[in-house]
Structures are given as C-alpha cells and as structure tokens.
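Hydrogens, waters and symmetry mates play no part in the numbers below; they use all other heavy atoms, side chains included.
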Amino acid sequence: MDDPDHHQQHDPILLHSCTVHRYSATVNRLYILFHFTAILCLFYYRFTNLLSGNVPMIPWSLITLAELVLTFIWLTVQSFRWLPVTRSVSLENSPAGWEAMLPGVDVFVCTADPIKEPTLGVMNTVISALALDYPTDKMAVYLSDDGGSKITFYATKEASKFAKYWIPFCTKYGIKTRNPEAYFSPLLAKHETLLHTHDQFKADEAQIKSKYEIYKSNVEKFGKKAENNDVAVERPPCVEIMHENNIDEEGSKMPLLVYVSRERRASYPHRFKAGALNTLLRVSGIMSNGPYILVLDCDMYCNDPSSARQAMCFNFDPNISPSLAYVQFPQMFYNVNDNDIYEGSGRSAYMSMWQGMDGLRGPTLSGTGYYLKRIALFTTPDQQDKHLLQPEKNFGNSRLLIGSLKAKNDKDVAIRKEEYSSDSILEEAKRLASCAYEVNTNWGKEIGYLYESLLESTFTGYILHCKGWISVYLYPKRPCFLGCSNIDMKDSMTQLMKWCSGLIDFGLSRFSPIIYGFSRMSILQSMCYAYFTFLPLFSVAMTLYGTVPQLCLLTGTPLYPKVSNSWFAVFSIVFLSSLCNHLYDVLSTGETLRTLWNEQRFWMIQSVSGNLFGCIDMLMKRIGAKKASFRISNKAMDKEKLEKYEKGKYDFEGADIYMVPMTIMVILNIVCFFGGIIRLVLENNMEDMFGQLVLSSYVLFLSYPIIEGLISSKSKEN
C-alpha cells in the first residue's frame, strides 16, 4: 500500500532490508493534528461549561473524566503511528561459508499442566523445534516442565525416539510443516504432499505416518492413567538428557534434547514462567550455552524451519548487531477463522503496532516466537563484560556456570565441558534448578528474566530497551510460528484479566513508563509502553460512557450540545474521526468491514469485563486481599466450542462472572433507551438529547451478542 512512497535501506551484505512507510507516516501525522485539534475544542467546551456552574456538576464531571482517560490512551497509541516500518530478509544472499559461521541456538519450551496444555501438542512443538533447518551440532532444545508430571517426562522420551525418523524425512523432502500433527492434517498441510507424487515419497510418508500413529498411541495410552497427569506440588529438581548432540547407533543426528523440571517447595517463591526461563538459562549455560535463545509457548510450534536463519540475517549485520537484543516474530494462530469474533489474531498488534514500535527502537517481547541474544539478559550493550565483575553475586556460586559466561566461542565451551563428566554436569544442572540456588543472587532482579511483573516477557523487554538495547520485528509471508488461540469467552476473559492485572500493576509501579521510561528511552517509545500498561483504564472510561449518558437520557439531563449548536459538530467530528481512523487501520492491513465490526464490539465487551476485572485483581493484590498467581491458558480443544466459534457465535459458558458488569450495562441501556424515547416524545426535546440517544443506540448495537446470549439462556431455562 505504501509502495509508491516507500524508502528502502539495505545492509552491506543484503541479508535484510527495511521499508519505511513514509506515506502512512504522513497520513497518520496529519490525522493526529486534526483529531487532537478537535479534542482540544471538545475540552474547551467541557471546562468552560463546568467552570460556569450552569450544568449538572456530577454527571458532567464523570463524563469529562471518561473523556480525559480516552484522550490519554489515544495520545499514547499515536506513538505507534509515527514511523511504521516493515522488514524482510534475503536468505538467498547468505555469504559463502555462512553455515560454519552460524552461532549456537538454544530453544526453550515451557509447559506447566498436561490437562490445560495437552501433552501431544507440547511434544509437537518440541519436535518441530528439533526439526529446524539449522546445524544440529549448534542447536539444543530444552523443555521446562513446571508440572513435573509423569506423562510429560514419558512423552518427551517418546518424542525423541520419533524425531529420529521425522527429522531425516523432513530434510530429505524439504518439508516445511515440521509439526507432524499439522503435516498429517489435510486442512493444514495438504499442499505439501502435492509437491511430491513419486512412489518413494509416498512409501516413506506412509512409513513415517505409521510411526507417528504408534507414538501417539503410546503417549495417549500412558496418559489414560490419572496419576500420570498429576502435577507434583512439591518435588526435587530433575534434569534428564533425552538425546545427546551426536550420531547415535542408528546413524541419526539430531540436536541435544533436555528435559528440565525445576525443584518446587512451598517455602520458596515459585516465580512462575520467569523462574522457569531463568532455570533453563542456567542449565543450558553449562550444557550447550548457545549465544542465542528461541523461546516458544508450548502450543506455538515452528511452522517455517528457516526462522533461525532469518533471525541471523539481522544478527550478522555489523551496523545493528552490537546493540540488537532480539528479533521478534508475530504470534499467529492456526485455529483463527476469517470471522475472528474474539480478536484472537491480534491484528492491530502484529500487523500495525509492532511495525510502529519497530520504527522507534523495536517491539516489546511478546512472550513467544523471538530469538534473544543471551548476553542481553545479563548486561548492557555498551558494557558487555560488566556482569563478570561480581560473577558470584550476580549468577551464584556455580563454577561451571560462571565459566560458561566467560566463554568467547563454541570451542571454549567444548573445552570447558570436557573437564566434566556427564554425571557431574547433570548433578550441577540439578543444583542450578534447585529453589535455593537463586538466594542472595541477582537472578530475577538484574540478571535474566525479571520477577518484578507476572508479565515477564513484556517487563523484561521494556528493561532491555531502557538499558539501550534495540529489537527488530519480522513479519514474513509464511508464518514462522503458529499457535492455538482462545475460542470461547471464558478463556479469552481469563487471559485478558491476567494481562490487564499485570499491565496496570506494571504501569503504577516505580518502573512506570511515564516516569522511569521517559528518562531512559525516547518519549515516543515510552508512550508505546505507556499504552500497554494503562490500556486497562479503558474499563473506567467505558463503564462511565456506558452508564452516565444513558441515565441522563432517562432523566432528561443533557450532556452534549444541541444539534443546532455549532459545538455539536466538534463532538461529531471526534466520534466519526475515531471511527474512520479505525476503518483505515483495518482496511490498510487487508481486512474487511466485518473485522471492524468484530473489533468494535469485542473492544466494548473486554473493556467492561476482562479489563475491569484485571484492574480489580491488581487492587486486591496491592491491598493484600489476594496472592499473586499465574493462570494457565487452556489450550485443550473442545469440539462443541469449536462448532460454535465456526458459526460466529459467542460462547459465554463458564464466563458468567465476567459478563455481570456487561449484562448490567446492557440492561441499563435498554431501559434507558426506551424510557428516554418515551420522555423525548412526551417533552419534544429531541434536539437537546440527540447525542445521548445516538450514543445509547451505538452501545446497544455493539451489545447485540450479549442481548442474544441473554435471550438464548432465558429460552433454555423455559
């Protein structure tokens, strides 16, 4: 869309390019100027009337507060629109001898509950990571099992056995879909089989499919015993090498695969996912010690085997590599359909906002699908040896771990590892995975993933940017990673509440982007983070906007100018300008009016449900009424929910508590709408109340799914 006006910058060896969308940037800036002028006029009208004392103070003050909150959030979101860029890579331009120059990569996969995170799905993620198109001697995969369940341990062993056949098959035929479940699904990877029609391929495919079915059957059979799915609340550390990085007796070669279940004791803080990732940092440090780390959610499988090579296109650029912390890929989902009623695709984030952050100093960490420079978690770009000044205070008293930090290349790592037997390394790894190891160290404070927020990736990415690191965002044509999105209201709101609770807590902490961030990064970049952290405040604005004007409509109290008053145009311009900008944003990413409709109504639903409960959850934690907890998103697929989702109907089952505020608001709007119309007819004052009538109509229009749900639930009771 910006081709006529884009500007490209190429690095010296043409491994990647950056397109600055100057046309979009210009349009965005003109819109910002226009809309902000209208907002200033709106507030001039509000405050002059409030100061005059000629208007009802309480409703006018409440609606002005809502408009101030909306304006604050609107101002922060404009930072994403200031300088959008997109990037691309050119693997075909990789230099001679690039294979030998590629650095080591350690892949971290985290799981915690075999029920909510089905074991076979987790294993398919592990298998797809093992099958990445990367030198096997330079890659290792680590699975963190925070549940310590027997089924995950058993399945990891079985996955290792199956991978010995799966990886050569994928390599031999150039298979791109390296998740076996996705490959054998006719809906997801049918085109792959059409590329090969000769008899040898068909025979090999049938053989590998048979092995996969046996592997699945073994895991499912083992998982049928309930005790094998139990999550161990208290347990010792367990570190097991499932496959070493060498050629086995069968002649197959695959990356190192390590199962890690860190120690868990009630007397020590658990630290949730951040703690699991820090454990993997330490354990991997004394085994493979890859300079780069790929972090994956357990359901986010590798969909393009070349993702590591694509990330290295940026790390090989001497102009940005010294200060480049990570390369972020978008989160994309295989189960999101065209009618994305739960906004599961994250369109605005991954197709718009992240490009905007990339034009500043890079996007934030998204929790999964990123290649991170290991040393970035330990130090700053201008003092890359600072962490070694007090190694024991920072990293603990492991001589092997500290030695790995001083290693300058893969050869150094190999020499150091030869000093230890395998048993010694495993014993040390278990010590590094123990609860007590982090005591009196800087793990989680200054080193590794930080414990300040439950949203460990967002907060850690923010601190990396504050330290001077940069990041880049790559949105390739073929998704490099695919995951499973929520397809019902309960899971969507639970996840949203978890995010909002963590974000608003982060925003109100001493690390707030509007205080801490402003002094350590550009104003625009800190505004991006301010948008994330204060996004839950939409709940305040939307609760007020969904109730105050409607109640005033019922009582005949005007909150907006008369239609004949010239000030009415100002309010109309602000409303229509916002709507048109959203439409432009949707259409510019290749979506349709249906996407606009889905996003508008879900935005309202989540504002007075997930966002609101997130704010309440944060307040309860701050006053000590509730302990911090990590809610695992449900990745298990339900056929009934899937059928409802495919029909484009909201599934409110189990989400009753989240829907209480929204339901109250909808009923209030219905009563006030019809009561207000009766009053308007009797008093003939349509001109005074027209603005509130339109607003109430719009809220009811967006609330149609809730009204439909109320009617259907009532009919079921009868």
Side-chain angles (χ1 to χ4, degrees), residues 69 72-73 76 110 112-113 116 146-147 231 233 262 264-278 364-367 435 438-439 443-446 448-463 466 486 489-517 529-543 605-634 654-662:
V69 171
F72 170 71
I73 296 174
T76 61
C110 296
D113 189 326
K116 291 186 176 181
D146 254 5
V231 173
V233 178
R262 61 190 171 123
R264 189 167 183 179
R265 302 295 175 196
S267 55
Y268 287 89
H270 186 51
R271 305 302 188 188
F272 310 111
K273 187 179 177 182
L277 289 170
N278 282 340
T364 184
L365 281 176
S366 300
C435 293
E438 290 187 353
V439 176
W443 282 101
K445 301 171 187 173
E446 298 177 15
Y449 287 86
L450 305 179
Y451 299 150
E452 183 71 21
S453 171
L454 285 177
L455 301 177
E456 75 295 323
S457 295
T458 302
F459 184 74
T460 301
Y462 166 72
I463 294 298
C466 286
N486 296 317
M489 191 65 74
K490 178 189 174 184
D491 291 336
S492 296
M493 291 302 108
T494 300
Q495 186 176 63
L496 184 63
M497 182 181 75
K498 176 182 74 175
W499 288 344
C500 289
S501 177
L503 287 171
I504 193 66
D505 188 57
F506 170 14
L508 297 176
S509 71
R510 63 190 178 94
F511 294 101
S512 176
I514 60 176
I515 300 173
Y516 186 89
Y529 279 104
Y531 169 77
F532 294 132
T533 57
F534 293 106
L535 184 66
L537 292 181
F538 263 133
S539 61
V540 176
M542 293 307 296
T543 300
I605 292 171
Q606 69 181 21
S607 294
V608 293
S609 52
N611 286 3
L612 180 62
F613 278 93
C615 292
I616 295 171
D617 187 69
M618 180 275 298
L619 287 172
M620 291 179 69
K621 289 174 185 174
R622 289 222 162 190
I623 63 175
K626 186 177 181 181
K627 290 184 178 181
S629 61
F630 188 78
R631 300 173 182 85
I632 300 172
S633 300
N634 187 11
D656 297 351
I657 187 66
Y658 294 117
M659 291 297 106
V660 169
M662 185 69 198

Colleague: Could you give the distance from OH (Tyr529) to CZ (Phe506), rounded to the nearest 0.5 Å?
Modeller: 7.5 Å

Colleague: Got a second to check how far Leu503's CG is from Leu496's CG, nearest 0.5 Å?
Modeller: 9.0 Å

Colleague: Out of Pro661, Ser607, Cys615, which one pairs with Ser539 under the side chain to side chain contact (heavy atoms under 4.5 Å, CB included) rule?
Modeller: Cys615

Colleague: For side-chain contact (heavy atoms from CB on, under 4.5 Å), just list the numbers for Leu508 and Arg622, CA-CA rounded to whole Å, side-chain angles, deciding distance to a tenth of an Å, and then say yes or no.
Modeller: CA-CA 11 Å; Leu508 297 176; Arg622 289 222 162 190; 3.8 Å; yes

Colleague: Please report the shortest heavy-atom distance between Glu456 and Ala274, naming the atom on each side.
Modeller: CB-CB, 3.5 Å

Colleague: Can a donor-acceptor pair be found, under 3.5 Å and without considering hydrogens, that links the side chain of Ser609 to the backbone of Tyr658?
Modeller: no

Colleague: Name the orientation class of the two ring planes belonging to Tyr462 and Phe459 (parallel below 30°, tilted from 30 to 60°, perpendicular beyond 60°).
Modeller: tilted

Colleague: When you look at Ile463 and Glu452, which way does the side-chain contact (heavy atoms from CB on, under 4.5 Å) test go after all the steps?
Modeller: CA-CA 11 Å; Ile463 294 298; Glu452 183 71 21; over 6 Å; no

Colleague: Test side-chain contact (heavy atoms from CB on, under 4.5 Å) on Tyr531 and Leu535 and set out the steps.
Modeller: CA-CA 6 Å; Tyr531 169 77; Leu535 184 66; 3.4 Å; yes

Colleague: Which heavy atom of Cys110 sits nearest to which heavy atom of Leu277, and what is that distance?
Modeller: SG-CD2, 3.6 Å

Colleague: Mind checking the CG-CE spacing from Asn611 to Met542? Nearest 0.5 Å is all I need.
Modeller: 10.0 Å

Colleague: Can you tell me how far CZ of Phe613 sits from SG of Cys500, rounded to the nearest 0.5 angstrom?
Modeller: 12.0 Å

Colleague: I'd like to know whether Asn278 forms a side-chain contact (heavy atoms from CB on, under 4.5 Å) with Glu438, so could you lay out the CA-CA distance, the side-chain angles of the two residues, the decisive distance to 0.1 Å, and finally the verdict.
Modeller: CA-CA 10 Å; Asn278 282 340; Glu438 290 187 353; 3.8 Å; yes

Colleague: Measure the CD1-CE distance between Ile616 and Met497 for me, rounded to the nearest 0.5 Å.
Modeller: 9.5 Å

Colleague: Identify the heavy atoms of Val231 and Ala112 that sit nearest to each other, and give their distance.
Modeller: CG2-O, 4.0 Å

Colleague: Identify the two heavy atoms, one from Asp146 and one from Ala276, that lie closest to each other, and give their separation to 0.1 Å.
Modeller: OD2-CB, 3.8 Å

Colleague: Would the distance check show the side chain of Lys621 and the main-chain N or O of Asp505 forming a donor-acceptor pair, the cut-off being under 3.5 Å?
Modeller: no

Colleague: Sub-3.5 Å donor-acceptor pair from the side chain of Arg262 to the main-chain atoms of His270, do we have one?
Modeller: yes

Colleague: Applying side chain to side chain contact (heavy atoms under 4.5 Å, CB included), name anything that partners Ala530, two or more places apart in sequence or on another chain.
Modeller: Thr76, Pro513, Ile514, Phe534

Colleague: Looking at Gly448 and Thr460, what are the two nearest heavy atoms and their distance?
Modeller: O-CG2, 4.3 Å

Colleague: Please confirm whether the backbone N or O of Lys490 pairs with a side-chain atom of Thr494, one donor and one acceptor, at under 3.5 Å?
Modeller: yes

Colleague: How long is the span from the CD1 atom in Ile605 to the CE atom in Met493, to the nearest 0.5 Å?
Modeller: 7.0 Å

Colleague: Please give me the minimum heavy-atom distance between Val608 and Thr543, naming the atom from each residue.
Modeller: CG1-OG1, 3.7 Å

Colleague: Has the side chain of Ser512 got a donor or acceptor atom that lies under 3.5 Å from a matching backbone atom of Gly507?
Modeller: yes

Colleague: Any side-chain heavy atom of Val439 within less than 4.5 Å of one from Tyr268?
Modeller: yes

